[in-house]
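Shown next, in structure tokens, is the structure this report addresses.
Computed over heavy atoms, backbone and side chain alike; hydrogens, waters and symmetry mates excluded. Order of listing sets the numbers, starting from 1, for every ligand and every atom in it.
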Amino acid sequence: MATNPKAKPSQGAERENQVRTLFSEIAPRYDLLNHVLSMNIDRGWRRRAIRLLRWQERETGRYLDACAGTYDLSLELAKQAGFRGSVIATDFALPMLVQGRGKLAPSVTPICADTLRLPFAKACFDGATVGFGVRNLSDLSAGFSALARVLRPGARLVILEFSQPPNLVLRGLYNFYFHHILPVVGRIVSGHPWAYSYLPESVKEFPGPTQLAALLAESGFKDVEWRWVTGGIAAIHVAIRS
Ligand SMILES: C[S@@+](CC[C@H](N)C(=O)[O-])C[C@H]1O[C@@H](n2cnc3c(N)ncnc32)[C@H](O)[C@@H]1O
């Protein structure tokens with residue numbers, strides 16, 4: 001299938017603009033497509049990511065959900081029984097934040113902000129999550145350093161992101177779905193000509209979990225651990241702010 005050249009992730013400021021525009025344009029259909037195209041598997045991944053955040057160690061804490069989109073990960077934390085803290089949900093595509101506002105819980109505060117330039121004081125968060133966001137950053141190291149800056153020492157960062165299954169058979173099936181079915185369904189439902197071709201392209205170009213863990217260790221984090229979920233379709237990284 002021919003891929004629109006715009007679906008190829010670019011670099012630097014051009015990539016930031018491309019990503020912000022893309023998510024702003026698909027915002028009205030994002031939730032629907034998210035759950036349909038992932039066949040709802042993403043819900044289980046989000047629950048697991050929030051478990052790994054170990055928020056119970058500071059149940060009244062202040063947590064950041066960066067690249068929050070329409071708040072699915074923010075809300076997964078906010079709705080946990082016993083959670084008495086607050087969640088600041090940031091995203092640089094305002095239409096995504098606006099689109100999700102009907103779902104908002106009182107403990108979640110949306111702020112339109114770029115993950116590479118987080119407008120918060122040093123060490124002011126007790127933990128952070130990023131769900132399917134880091135793959136879109138124009139500069140991964142800068143993003144991790146920005147997250148490290150706003151986390152207090154000892155705070156946990158949990159990253160949920162698409163990956164590529166290590167098993168070749170599963171990878172083949174996954175690539176077929178990702179490159180041939182998902183872009184077509186995505187294009188029909190979202191009405192966007194290339195947004196859902198960008199998704200597989202960006203996953204293909206994204207560093208593997210080991211490389212990502214090494215980058216986190218170089219960017220202000222220690223004790224970095226990661227695991228694949230659902231055979232490696234996605235991976236969850238957990239890192240502790242040094
Ligand atoms: C695939 S969506 C994920 C949304 C949500 N976290 C979820 O789990 O469904 C990626 C989001 O990251 C946001 N994003 C990408 N790069 C960003 C950046 N540099 N700063 C802030 N938000 C960014 C996009 O606008 C988009 O809403």
Side-chain angles (χ1 to χ4, degrees), residues 7 9-38 40-50 52-53 63-79 87-101 103-104 108 110-120 128-147 149-150 157-163 178 182 186 190 192 195-203 206 229 233-237:
S10 44
Q11 299 298 317
E14 190 189 342
R15 183 186 181 103
E16 282 180 34
N17 285 333
Q18 182 190 41
V19 169
R20 193 187 294 105
T21 305
L22 182 156
F23 283 103
S24 300
E25 289 176 355
I26 64 168
R29 296 269 174 204
Y30 177 80
D31 277 348
L32 172 70
L33 275 162
N34 209 11
H35 300 304
V36 168
L37 292 173
S38 75
N40 262 334
I41 300 175
D42 65 304
R43 292 190 198 272
W45 295 342
R46 290 174 205 281
R47 281 197 292 275
R48 190 142 172 210
I50 295 303
L52 289 166
L53 185 62
Y63 293 86
L64 171 69
D65 181 26
C67 303
T70 56
Y71 317 110
D72 278 3
L73 205 48
S74 320
L75 290 168
E76 188 57 44
L77 172 58
K79 74 171 196 201
V87 185
I88 305 292
T90 58
D91 201 287
F92 71 175
L94 184 60
M96 288 289 277
L97 297 174
V98 171
Q99 184 64 32
R101 72 194 184 287
K103 303 190 283 186
L104 270 179
V108 180
I111 294 182
C112 192
D114 189 337
T115 303
L116 303 185
R117 302 166 189 89
L118 289 168
F120 306 109
T129 53
V130 191
F132 310 108
V134 295
R135 178 178 33 90
N136 300 294
L137 298 179
S138 58
D139 184 338
L140 258 184
S141 301
F144 291 158
S145 300
L147 289 162
R149 188 187 68 78
V150 299
L157 168 66
V158 178
I159 295 173
L160 170 61
E161 191 50 88
F162 284 112
S163 189
F178 235 47
L182 183 142
S190 74
H192 196 283
Y196 286 83
S197 303
Y198 163 83
L199 173 60
E201 287 297 327
S202 64
V203 174
F206 192 60
V229 289
I233 294 175
I236 302 179
H237 285 70

Quiz prompt | N-O pairing of Asp72 and Arg43 below 4.0 Å | solution = no
Quiz item: How close do Ile236 and Ala49 get, heavy atom to heavy atom, and via which atoms?
Solution: CD1-N, 4.0 Å
Quiz item: Taking all atoms of both residues into account, what is the closest heavy-atom pair of Arg15 and Asn136, and its distance?
Solution: NE-O, 3.3 Å
Exercise. Ignoring hydrogens and angles, tell me if any N or O in the side chain of Arg149 forms a donor-acceptor pair with the backbone of Phe120 under 3.5 Å.
Key: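 Flag set: sc Arg149 to bb Phe120 pair under 3.5 Å.
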Quiz item: So, does Glu161 use its side chain to make a donor-acceptor pair with the main chain of Ala235 at under 3.5 Å?
Solution: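 No, the answer is negative, given that no donor and acceptor are paired below the 3.5 Å cut-off.
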Exercise. Verify whether one side chain among Gln99 and Thr70 offers a donor that lies under 3.5 Å from an acceptor in the other.
Key: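 No - no donor-acceptor pair under 3.5 Å links their side chains.
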Quiz item: List by chain and number: which residues place a heavy atom under 4.0 Å from ligand 1?
Solution: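 Shell around ligand 1 (4.0 Å, heavy atoms): Val19, Phe23, Tyr30, Asn34, Arg46, Cys67, Ala68, Gly69, Asp91, Phe92, Ala93, Met96, Ala113, Asp114, Thr115, Gly131, Phe132, Asn136, Leu137.
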